[in-house]
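Have a look at the structure below, then the notes.
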Amino acid sequence: MLALVCFVFLVVFITGLRMTIQRIRTGDHGLRVAKQFRSKSARLALYLQLTAIGLFVLVLLLNALNLLNPHWDWGFAGSIFGLGTCAIGTILTMIAQFQMGSSWRIGVDDSEQTELITKKLFSLSRNPIYVGVLLVGIGFVILVPHFTTMFCWLIAAMGIHLQVTRVEEPHLHRVFGDAYSDYRENVNRYFPTL
């Protein structure tokens, strides 16, 4: 039950709160998912992400109803570590969303031109929002230690990677040209260079 409550809380904060703030600040909610159905890669990325979310909700419901037996038990320490990982991922996601300001979107609209964000967290990772979301997913794998949870995370990770490499990066290259190429050469896709 803890994982399901945590999931609802995170969806409200990561998506609902951010869309509300975007609407207040700009008059627009920032949701561009419908615009992504123009290419096969974009559709596949979206379908993978939606499938992962749907399966994940089902797994969390089964877990909350005690119909899913965990494959291993991390105990109380695992619950704390899982919640902590979810919290860190959520904080990272929300900070990166706020640092995008009015350029924040869910999805890509080729008819729009926003600012290329390269400062703060975006100077360490070109995709800190996705890194945060993937951390949240790892937290849930720890909270609900079952192979189906890991499978959902893998589907989500594939959808996110496809979204980044086949939809967002080509769009940013078309819109920003050399400025994006320079940024891409200096900042890693996901994790900072150590």
Side-chain angles (χ1 to χ4, degrees), residues 3 5-36 42 45-46 48-50 52-54 56-57 60 82-141 143 152-153 155-173 175-176 179-180 183-184 186-192:
V5 170
C6 186
F7 180 80
V8 170
F9 178 79
L10 296 178
V11 167
V12 168
F13 269 83
I14 290 175
T15 307
L17 178 64
R18 181 60 188 141
M19 286 174 59
T20 302
I21 290 169
Q22 187 77 358
R23 180 81 172 196
I24 292 168
R25 290 171 78 190
T26 67
D28 177 30
H29 50 67
L31 194 59
R32 303 292 185 271
V33 175
K35 301 279 186 174
Q36 288 209 183
L46 181 62
L48 284 170
Q49 292 173 58
L50 291 175
I53 291 169
F56 201 64
V57 168
L60 292 177
L83 284 173
T85 305
C86 285
I88 290 167
T90 301
I91 291 166
L92 177 63
T93 301
M94 293 183 73
I95 289 171
Q97 287 175 335
F98 284 110
Q99 288 177 355
M100 284 192 78
S102 61
S103 294
W104 178 81
R105 303 280 187 277
I106 295 177
V108 171
D109 182 352
D110 287 326
S111 68
E112 290 183 308
Q113 175 150 353
T114 58
E115 179 186 352
L116 179 62
I117 308 298
T118 61
K119 304 221 183 297
K120 299 180 181 175
L121 287 176
F122 291 87
S123 69
L124 304 171
S125 165
R126 296 194 317 261
N127 297 285
I129 293 171
Y130 290 134
V131 171
V133 169
L134 291 171
L135 273 174
V136 168
I138 290 169
F140 280 110
V141 170
L143 284 172
C152 292
W153 184 87
I155 292 173
M158 287 188 310
I160 286 170
H161 186 68
L162 190 61
Q163 173 76 20
V164 168
T165 59
R166 301 298 177 113
V167 179
E168 294 182 6
E169 288 179 349
H171 170 75
L172 292 168
H173 185 68
V175 173
F176 297 107
Y180 181 70
Y183 174 56
R184 189 174 64 195
N186 293 310
V187 179
N188 286 345
R189 180 178 283 144
Y190 298 113
F191 302 103

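Owing to the predicted nature of the structure, the values given are computational and were not obtained by experimental measurement.
- Considering only heavy atoms from C-beta on, Leu121 stays 4.5 Å or farther from Val131 through its side chain.
- Contact detail for Ser103 and Ile117: the closest heavy-atom pair is OG-CD1, 4.0 Å.
- Smallest separation of non-hydrogen atoms from Leu134 and Trp153: O-NE1, 3.0 Å.
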(message) Applying side-chain contact (heavy atoms from CB on, under 4.5 Å) to Met19 and Trp104, what does each step give before you reach the verdict?
(response) CA-CA 9 Å; Met19 286 174 59; Trp104 178 81; 3.7 Å; yes
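- For the residue pair Ser125 and Asn127, no side-chain donor N or O sits within less than 3.5 Å of a side-chain acceptor on the partner.
- In terms of heavy-atom proximity, Leu60 sits nearest to Ala3 at CD2-CB, 3.6 Å.
- A search for salt bridge (charged side-chain N to carboxylate O under 4.0 Å, His left out) contacts involving Arg189 returns Glu169, not counting sequence neighbours.
- Residues that satisfy the side chain to side chain contact (heavy atoms under 4.5 Å, CB included) test with His171, not counting sequence neighbours, are Val108, Asp110, Arg174, Val175.
- Side-chain contact check for Phe176 versus Arg184: every heavy-atom pair is 4.5 Å or farther apart.
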(request) Let me see the working for Ile14 and Gln97 under side-chain contact (heavy atoms from CB on, under 4.5 Å), right down to the final yes or no. (result) CA-CA 9 Å; Ile14 290 175; Gln97 287 175 335; 3.8 Å; yes
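- Taking CZ from Phe140 and CG from Leu83, the interatomic distance works out to 8.5 Å, rounded to the nearest 0.5 Å.
- In this structure Arg18 satisfies the salt bridge (charged side-chain N to carboxylate O under 4.0 Å, His left out) test with no other residue, sequence neighbours excluded.
- The minimum heavy-atom distance between Phe122 and Ala96, with the atom names listed, is CE1-O, 3.4 Å.
- Here Thr118 pairs with Leu116, Tyr183 under the side chain to side chain contact (heavy atoms under 4.5 Å, CB included) rule; sequence neighbours left out.
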(request) Assess whether side-chain contact (heavy atoms from CB on, under 4.5 Å) is satisfied between Met100 and Ile129, documenting all intermediate values. (result) CA-CA 10 Å; Met100 284 192 78; Ile129 293 171; 3.6 Å; yes
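- Across all their heavy atoms, Ser102 and Arg105 have their closest contact at O-NH1, 2.8 Å.
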(request) Decide yes or no on side-chain contact (heavy atoms from CB on, under 4.5 Å) for Gln22 and His29, but give the supporting numbers first. (result) CA-CA 5 Å; Gln22 187 77 358; His29 50 67; 5.8 Å; no
Expected list for residues 5-13: side-chain donor-acceptor pairs under 3.5 angstrom, two or more places apart:
none

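- Closest heavy-atom contact between Val133 and Thr93: N-OG1, 3.3 Å.
- With Gln99 contributing its side chain and Lys120 its backbone, the two residues share no donor-acceptor pair below 3.5 Å.
- With hydrogens and angles disregarded, no donor-acceptor distance shorter than 3.5 Å links the side chain of Arg25 to the backbone of Gly101.
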Expected list for residues 155-162: side-chain donor-acceptor pairs under 3.5 angstrom, two or more places apart:
residue, atom, partner, partner atom, Å
His161, ND1, Tyr190, OH, 2.8

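- Between Arg32 atom CZ and Ile106 atom CD1 the span is 10.0 Å, to the nearest 0.5 Å.
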